[in-house]
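What follows is a short report on a single structure.
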Amino acid sequence: MKPVIAIDGPAGSGKGTIAKKLASHFNFAHLDTGMLYRVIAYLDVEADKIKELSAAKILETAREIPLSALKSDAVSLKASKIAKSPEIREIMTQLQRDFAASPGDMCDGSVLDGRDIGTVVIPDAVCKIFITASPEIRAARRFRALKRDNSQITYDEVLESLIARDKQDQSRGIAPLTLNDSYVVLDTSEETVKESFLQAIKIVKNSLKFTER
Ligand code: DC
């Protein structure tokens, strides 16, 4: 199997941005697994129907939905809620493993970002990074992004819903967001995207070197 980079962390930590940049830097395929949960939540797809889909098919469907709708607070909370279902998680886990097993001939590996990539989906990933930041900083980032989409939401409402989602993602019975010592932690609270990205490159290079030895 081609190498997999697992990136996990809470909402608004910057993990999606870093994952995307790493994928392009290392010529790896990128899968934003949160987006899969968002599309399923937005379209209210039942478990039976998800079984007939692939990650690529779900992402293709996502392109037909306005990004602002998929990223809205209501869909974020709903995605986090449906992500508690063991039946849905099992099917989604398989879709993600299939993606990592076949990232395409043109790609040298894959980068998956989410909540349970390094713990459940691909526990033997060559590199695992846990990207985090304080709740206030994460809320401020999300607030700025929602404002760009002309949302009327206030900063306090964003912070409150982010804390509620953290709690839901960390306390669910199956595949909660958890940090263990197989991860390298990257705290982006005080860093620019460029600084975090440069650190992430170092972490990945180190892991790849380690597995080649
Ligand atoms: O990464 P995100 O904020 O776009 O994810 C939206 C929700 O989907 C998140 O609150 C929980 C769920 N999710 C999950 O349970 N497992 C993943 N691997 C990715 C996302």
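Both ligands and their constituent atoms are indexed starting at 1 by order of listing. Below, each value reflects all heavy atoms present in this structure, side chains not excepted, and no hydrogens, waters or symmetry copies.
In this structure, the side chains of Phe130 and Leu177 come closer than 4.5 Å at one or more pairs of heavy atoms.
With respect to Glu46 and Lys49, no salt bridge is recorded, no charged nitrogen being found less than 4.0 Å from a carboxylate O. Between Asp8 and Arg115 no salt bridge is recorded (no basic side-chain N to carboxylate O distance below 4.0 Å).
Under the side chain to side chain donor-acceptor pair (under 3.5 Å) rule, Thr188 has a single partner from Lys15, Arg138, Glu195, Arg141, which is Arg141. Ser76 pairs with exactly one of Lys71, Lys81, Arg38 by the side chain to side chain donor-acceptor pair (under 3.5 Å) rule, that one being Arg38.
Contacts of ligand 1 (protein heavy-atom distance under 4.0 Å) are Lys15, Thr33, Gly34, Tyr37, Arg38, Ala79, Ser80, Ala83, Arg89, Gly114, Arg115, Asp116, Arg165, Asp169, Arg172.
Counting all heavy atoms, side chain and backbone alike, Asp108 lies closest to Phe26 at OD2-O, 4.0 Å.
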